[in-house]
Peer 1: 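Starting off with a structure, shown below.
Every number for a ligand or one of its atoms is a count from 1 in the order of the listing.
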Amino acid sequence: MADKTPDIIYTIVDEAPELASASLLPIVRSFAGAAGIDVAQRNISVAGRILAVFPECLTEEQRISDDLAALGQIVKTPEANVIKLPNISASMPQLTAAIKELQSKGYAVPDYPYEPKTDEEKSIQARYDAVKGSAVNPVLREGNSDRRSAKAVKEYAKANPHRMGEWTADCPTTVASMEGDDFFHNETSATITAAQAGGAKIVHTAADGTETVLKDGLKYLEGEIVDATYLSAKALRAFIKQEIASMEPGVLFSVHLKATMMKVSDPIIFGHFVSVYLEDFIAKHGDKLAELGFNPNQGLGDLEAKIAGNAELEADYKAAMEAQPDMYMVNSDKGITNLHVSSDVIIDASMPAVIRAGGIGWGPDGKAAPAKCCIPDNSYAGVYDETINYFKENGKLDVTSCGAVSNVGLMAQKAEEYGSHPTTFEMKADGTVRIVLDNGDVLHEHTVETGDIWRSATVKQAPIEDWIKLAVRRVKATGLGAFWLDANRAHDAELIKYVEPALKEAGIDIPIMAPREATRWTLEHMTAGKDVVTITGNVLRDYLTDLFPILELGTSAKMLSIVSLMQGGGLFETGAGGTAPKHVQQVLEENHLRWDSLGEFCALGESFDFLAAARDDKKAAVLGAAVGESIQKVLMGGKSPEGRVGQNDNRTSHYWFARYWAEALAAQSDDADLAAHFKPIAEELAGKEETILAELHAGEGSPADLGGYYLLDAAKTAAVMRPSATLNAIIG
Ligand SMILES: NC(=O)C1=CN([C@@H]2O[C@H](COP(=O)(O)OP(=O)(O)OC[C@H]3O[C@@H](n4cnc5c(N)ncnc54)[C@H](OP(=O)(O)O)[C@@H]3O)[C@@H](O)[C@H]2O)C=CC1
Ligand SMILES: O=C(O)CCC(=O)C(=O)O
Ligand SMILES: [Mg+2]
C-alpha cells in the first residue's frame, strides 16, 4: 500500500526562508499536532536536490530520497496540501558553490563537468543541469496562479506607507530594448490540430546540408499552442555595443534578465553583455583567458577568480572596467557589479526595486544614480518602460490611496517560456531550424546563424481553459480586470482564440490589451483607488506579482500565492519573492534575520482552510481562522521584522505570531478541546513575554554560526534560530 499523503507538507528550502523555518516550523507542528494534523517536510533545497540525484556517490547514511520527484507526483493528486517556500534556482556559480560545500562535508558528489567527454561525464552533467536553474517550481506548479494581497495586508500598507523614491519628469532612467531580431519579433505560433497531434522533433539543417536532431520524442496534444522563435546573437551584440556607446555621464549601465527560470537562454544573453562590455580586454588576452577556462556566461565574478594573481591581466582588467560606463552595482562595498553573476540581478525583483526607489540604482561609489536598464527582448520590456513613463508623468504612486493589483497567471504544466528550457538551443552553425511533426507537417521554420538562441515554448489547452475560468471568477469577485495579450504577437494571437469565445460563453466582457497598454490602464485605475486583476501569461505573472506588490506594499513577501492544482489539491506558495540571500549575510554578520514570514503565515492559514474544506475537518477550520486573527494582530501591532539589530526580527515575529494564534484559539468557542489546550499556552506566552524577548534578542549583534550555507547544520541553526529556552519549553 502506498504511504498516506501527509495532511500538510512543508518544504525544506534554502537561505533566509529556511532559517525562518527553523524557528517557525516547531511552532506550526506543535499547534497543528494539537488538532491531530501532521505536518511533514520534504526537501527541495539545492543541496537536497544534488544529493538525491547522486545516490551512488554517497554512503547509505548520506543518501536521501528524491523528494522533488515525489512531490511532483503528489501535486497531481486531490490530497495534495503543500506549503511551498521559495527555493534557490541555482545559477552555475551557486551550483558549483553548493557542490564544493557538500564535498567539503564528506559527500563525494562529482565536480560539474564543463566539457563532458565520456558517457559517465555526460550523465553527470545532465543530472546537474536538471538540478540547476528553476528546477522546482515548474515541477510543482500543476495549476494556475492566483496571487493577491489579503485585505488586512493591503489596509495595513495604506495606513503605514513604506518609503518610496520621488519620480521627476526629467529623470534619466530608461529601459532599452532591441529594435528587432529578438524573440518577440521572430516568433511564430500555431495551435495543434487533431491531424497534427502526436510526435514531433526539432531539426537543425546546416548550410552544408548536415542535419542534427536537436530534440526528438516531443509529444503535442490537440489544442496545444506551440511557438518557435529565436534571438539573433549578432543583433544582440550590436544592441549592447550601441547602448554602451550611447551612455550619458552619471547614468549607470545595467541589464535585467531571468537567468534562473530561463536557465538556457538568459545566461547566454548575460554572457554577451559580459563579452561586449569587456570586448577589447578579451580580444587582447583571448588565448590566455581560454587557457584559464574563462566563459563569459559565468560572469565577472568567475573571471576575477580566474585571473587573480596575474598582475598583467588584473591591471588590464581594471583599466578595461574603468574605460567603460559605470555599472549598476549589486554590492558596491564589495565591488560586485551587475555583471558578476547572472543570478544576482533578477528582473522580477530588480526592476521594481529601481522603480520603487524613484528610478535609481547604486553605482560603484555607493551613491544612488539613474540607470539605463537593458532588457533586450521586447516581449515584456514595454511593461517596465511604460511604468517608468507613467511615474515620470505622474510622480510616485500614492500608497495610501491606490487600489490593489492582483494577478491570475497562466502557469500550469510548464506553460509558455518558463517551460522552454528543454527546447532552447544555442546554434552551433548557420542553417535552418524546423519543428517537424510525425504527420510530416513542418510546424515552424526559421533561418538562423551561429550563436543565435532558438527556442520553442508551448502551453496546453486544459491549463488555458482553467486559467480563463479562474480569471472570470476573480474578475467577478474584484470588479475590474484585463487580459494582457497582444493581438500582434504570434503566441498571444493564438491564446486570444481561446479567450474570446470563452468570455462570450461566460457572458462577461473583460478587455484584452497588449502589455504596454494594459500597464497604463492598470496604473491609471489603481491610482484612482480601484482594485484591478491582471490576467497574464506565465512570465508576466512572475514579473507583475513582484512589480505591483513592491510598489503597493513595499515588498512581494506579503502576497497570498495560491496555486489551485488542476487535480483538486492545494499548493500554497509563501509570498511572491525569493530566498533573500542578503538576509542570510546579515545573520552571519550580526545574527539579525529581517526575513518577514507573513507569506508563510498567509499560506498556513490557506492550507488549514483547504484541509477544513477538503476533509470537513472542523479543527483545521478553527486553526485557520485563528491564524487569520493572529496575522491581523502581528501586522497592526507592528510586530513584523525590521532591518536593524535590536528591532523586531524574524524570531520575535514568530513569538508574537504564536502568542496571538494561541490567544485566538483559547478565546474561540467552536472547539472546546482546542480552547482548553491553548488557554495555558496563551497565558504562559503572555506571562513570560519579557524573558522570551530578552532571550530571543540576546545573541544579536555578533556573528552567527550556521555550520554551512547550502547545507545547514541542524543543531547550530536551531541554536541560532531558537535561542529562547523559555519559548521552546512552552512550544514543546
Ligand atoms: N518562488 C521561488 O522559489 C523563487 C525563488 N527565487 C530565488 O531566490 C533567490 C534570490 O532572488 P532575488 O531575485 O534576489 O529575489 P528575493 O525576493 O529573494 O530578494 C529581493 C529582495 O526582496 C526582499 N524580500 C524578499 N522576500 C522577503 C521576505 N520574506 N521578507 C523580507 N524581505 C524580503 C528583500 O529586500 P531587502 O533587501 O530590502 O530586505 C530582498 O533583498 C534566487 O536564488 C532565486 O532563484 C526567486 C523568486 C521566487
Ligand atoms: O522559480 C524561480 O526561479 C522563480 C519563481 C518566481 O520568481 C516566481 O514565481 O515569482
Ligand atoms: Mg517572481
Side-chain angles (χ1 to χ4, degrees), residues 11 13-21 24 44-46 83-91 93-95 97-98 132-141 144-145 147 162-163 256-263 266 330-331 341-354 356-357 362 407 409 411 414-415 418-419 421 536 538-550 553-559 561 563 571-586 592-603 640-644 648-650 653 710:
T11 50
V13 290
D14 311 277
E15 296 183 328
E18 190 49 27
L19 296 183
S21 293
L24 182 60
I44 54 170
S45 68
V46 66
I83 296 178
K84 153 76 178 67
L85 280 71
N87 58 281
I88 289 178
S89 294
S91 61
Q94 286 170 306
L95 183 68
K132 167 178 111 180
S134 185
V136 171
N137 287 323
V139 173
L140 301 188
R141 290 170 169 174
N144 290 309
S145 163
R147 288 185 178 177
H162 58 274
R163 227 167 28 137
H256 302 258
L257 297 166
K258 185 93 186 182
T260 48
M261 289 202 101
M262 301 306 295
K263 69 176 171 184
D266 286 19
V330 169
N331 185 331
V341 178
S342 63
S343 59
D344 271 354
V345 175
I346 308 183
I347 186 167
D348 54 344
S350 61
M351 281 305 299
V354 168
R356 179 183 53 189
W362 273 261
N407 175 266
M411 180 173 82
K414 306 184 174 67
Y418 282 173
H421 39 77
T536 68
N538 207 351
V539 174
L540 283 180
R541 164 201 67 75
D542 179 24
Y543 292 8
L544 300 191
T545 59
D546 268 334
L547 176 63
F548 287 107
I550 285 173
L553 313 173
T555 169
S556 59
K558 297 179 176 173
M559 293 297 274
S561 296
V563 184
L571 173 65
F572 307 100
E573 299 197 27
T574 68
T579 55
K582 272 202 279 179
H583 293 195
V584 187
Q585 287 313 322
Q586 191 180 6
H592 180 87
L593 179 60
R594 67 185 198 274
W595 174 263
D596 190 336
S597 289
L598 198 81
E600 287 98 290
F601 303 159
C602 290
S640 301
E642 293 166 279
R644 287 192 301 280
N648 279 321
D649 89 336
N650 180 262
S653 78
Y710 293 97

Peer 1: For a 4.5 angstrom cut-off between non-hydrogen side-chain atoms, does Pro641 reach Asp596?
Peer 2: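 In contact.
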
Peer 1: Contact between ligand 1 and Gly599 is defined here as a heavy atom of the residue under 4.0 Å from a ligand atom; is it met?
Peer 2: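 Not so, Gly599 does not reach ligand 1.
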
Peer 1: Can Thr579 and Glu15 be counted as having a side-chain donor-acceptor contact under 3.5 angstrom?
Peer 2: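 Short answer, yes.
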
Peer 1: Nearest protein heavy atom to atom 30 (N) of ligand 1, by residue and atom, and its distance?
Peer 2: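 For atom 30 (N) of ligand 1, the nearest protein heavy atom comes out as Asp596 N, 2.8 Å.
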
Peer 1: For Gln94, is the nearest heavy atom under 4.0 Å from an atom of ligand 1?
Peer 2: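 Within the 4.0 Å threshold, so yes.
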
Peer 1: So which heavy atom in the protein is nearest atom 41 (O) of ligand 1, and how far is it from that ligand atom?
Peer 2: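 Checking every protein heavy atom, the shortest distance to atom 41 (O) of ligand 1 gives Lys582 CE, 3.5 Å.
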
Peer 1: Evaluate Ala580 for polar contact with ligand 1, using N/O atom pairs at a separation under 3.5 Å.
Peer 2: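 By distance alone, the answer is yes.
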
Peer 1: Given that the side chain starts at C-beta and the backbone is N, CA, C, O, which of these parts of Lys263 lies under 4.0 Å from ligand 2, counting heavy atoms, or is it both or neither?
Peer 2: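 Neither; no heavy atom under 4.0 Å.
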
Peer 1: Report the nearest protein non-hydrogen atom to atom 26 (N) of ligand 1: residue, atom name, distance rounded to 0.1 Å.
Peer 2: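 Of every protein heavy atom, Trp595 CZ3, 3.4 Å lies nearest to atom 26 (N) of ligand 1.
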
Peer 1: Considering distance alone, does some N or O of Arg141 sit under 3.5 Å from an N or O of ligand 2?
Peer 2: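 Min N/O separation from ligand 2 is below 3.5 Å for Arg141.
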
Peer 1: Given the rule in the side chain to side chain contact (heavy atoms under 4.5 Å, CB included) test, do Glu642 and Arg594 qualify, once you have shown the distances and angles that lead to the verdict?
Peer 2: CA-CA 6 Å; Glu642 293 166 279; Arg594 67 185 198 274; over 6 Å; no

Peer 1: For the Mg ion (ligand 3), give me the closest N/O/S atom belonging to Asp542, just the atom name.
Peer 2: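 Restricting Asp542 to its N, O and S atoms, the minimum distance to the Mg ion (ligand 3) goes to OD1.
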
Peer 1: Please determine whether any non-hydrogen atom of Met411 lies less than 4.0 Å from an atom of ligand 2.
Peer 2: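 Heavy atoms of Met411 never come under 4.0 Å of ligand 2.
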
Peer 1: Look at atom 45 (O) of ligand 1 and say which protein heavy atom is nearest, naming residue and atom and giving the distance to 0.1 Å.
Peer 2: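 Here the nearest protein heavy atom works out to Ser89 N, 3.1 Å.
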
Peer 1: Give the atoms of ligand 1, by number and element, whose distance to some non-hydrogen atom of Ile346 is under 4.0 Å.
Peer 2: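 Listed by number with element: 11 (O), 13 (O), 42 (C), 44 (C).
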
Peer 1: For atom 1 (O) of ligand 2, find the nearest protein heavy atom and state the residue, atom name and distance (0.1 Å precision).
Peer 2: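 Protein heavy atom at minimum distance: Asn137 ND2, 2.5 Å.
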
Peer 1: With a heavy-atom distance limit of 4.0 Å, tell me whether Ala349 approaches ligand 1 through its side chain, its backbone, both, or neither.
Peer 2: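 The part of Ala349 near ligand 1 is the side chain, not the backbone.
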
Peer 1: In the protein, which heavy atom is nearest to atom 3 (O) of ligand 2, and how far is it?
Peer 2: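 Checked against all protein heavy atoms, atom 3 (O) of ligand 2 sits closest to Ser89 OG, 2.5 Å.
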
Peer 1: Can you list the atoms of ligand 1 that are under 4.0 Å from a heavy atom of Gly577?
Peer 2: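 Taking each heavy atom of Gly577 in turn, ligand 1 has 1 (N), 4 (C), 17 (O), 47 (C), 48 (C) under 4.0 Å.
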
Peer 1: Which bit of Asn137 gets closer than 4.0 Å to ligand 1, counting heavy atoms only: side chain, backbone, both or neither?
Peer 2: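 The answer is the side chain.
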
Peer 1: For atom 7 (C) of ligand 1, grab the closest protein heavy atom and report residue, atom and distance to one decimal in Å.
Peer 2: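 Residue, atom and distance for the closest contact: Asn87 O, 3.5 Å.
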
Peer 1: Compare every heavy atom of His256 with every heavy atom of Ser350, then report the nearest pair and how far apart it is.
Peer 2: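 The answer is OG-ND1, 2.8 Å.
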
Peer 1: One residue to check: Ala576. Relative to ligand 2, which of side chain, backbone, both or neither has a non-hydrogen atom less than 4.0 Å away?
Peer 2: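 Only the backbone of Ala576 comes within reach of ligand 2.
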
Peer 1: I'd like the name of whichever of Thr579, Leu140, Leu593 reaches closest to atom 8 (O) of ligand 1 through any heavy atom.
Peer 2: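 That would be Thr579.
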
Peer 1: Can you find an N/O atom of Lys84 closer than 3.5 Å to an N/O atom of ligand 1?
Peer 2: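 By distance alone, the answer is yes.
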
Peer 1: Which pair of heavy atoms, one from Ser21 and one from Leu85, lies closest together, and at what distance?
Peer 2: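 Closest pair (atom of Ser21, atom of Leu85, distance): OG-CD2, 3.4 Å.
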
Peer 1: For atom 35 (O) of ligand 1, which protein heavy atom lies nearest, and how many Å away is it?
Peer 2: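 Heavy-atom neighbour on the protein nearest atom 35 (O) of ligand 1: His583 NE2, 4.0 Å.
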
Peer 1: Under 3.5 Å, is there a donor-acceptor pair between the Ser45 and Glu18 side chains?
Peer 2: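 Ser45 vs Glu18: no donor-acceptor pair found between side chains.
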
Peer 1: Is it true that some N/O/S atom of Asp348, main chain or side chain, lies under 2.8 Å from the Mg ion (ligand 3)?
Peer 2: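 Short answer: yes, at least one N, O or S atom is under the cut-off.
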
Peer 1: Heavy-atom contact check, 4.0 Å cutoff: does Glu573 meet ligand 2?
Peer 2: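 No, Glu573 has no heavy atoms under 4.0 Å from ligand 2.
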
Peer 1: Once you restrict to heavy atoms under 4.0 Å, what part of Asp348 touches ligand 2? Side chain, backbone, both or neither.
Peer 2: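 Side chain only.
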
Peer 1: Please could you name the atoms of ligand 1 that Ala557 approaches to less than 4.0 Å, counting only its heavy atoms?
Peer 2: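 Taking each heavy atom of Ala557 in turn, ligand 1 has 26 (N), 27 (C), 28 (C), 29 (N), 30 (N) under 4.0 Å.
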
Peer 1: Would you say that Tyr418 contacts Lys258 through its side chain, given a criterion of any heavy-atom pair below 4.5 Å between the two side chains?
Peer 2: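 Tyr418 reaches Lys258 side chain to side chain.
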
Peer 1: Is Pro581 near ligand 1, meaning one of its heavy atoms is under 4.0 Å from it?
Peer 2: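 It does; at least one heavy atom falls under 4.0 Å.
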
Peer 1: Do you know which of Ile88, Val136, Asp14 makes side-chain contact (heavy atoms from CB on, under 4.5 Å) with Ile44?
Peer 2: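 Only one of Ile88, Val136, Asp14 forms a side-chain contact (heavy atoms from CB on, under 4.5 Å) with Ile44, namely Val136.
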
Peer 1: Nearest protein heavy atom to atom 46 (C) of ligand 1, by residue and atom, and its distance?
Peer 2: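 Ranking protein heavy atoms by distance from atom 46 (C) of ligand 1, first comes Gly578 CA, 3.3 Å.
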
Peer 1: In terms of residue, atom name and distance, what is the protein heavy atom nearest to atom 6 (C) of ligand 2?
Peer 2: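 Looking at atom 6 (C) of ligand 2, the protein heavy atom closest to it is Asp542 OD1, 3.3 Å.
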
Peer 1: I'd like to check atom 48 (C) of ligand 1 in this structure: does the protein have a heavy atom lying under 4.0 Å from it?
Peer 2: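 It does; a protein heavy atom is within 4.0 Å.
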
Peer 1: Within the 4.0 Å heavy-atom shell around Arg594, which atoms of ligand 1 are there?
Peer 2: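 Here the atoms of ligand 1 in question are 31 (C), 36 (P), 37 (O), 39 (O).
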
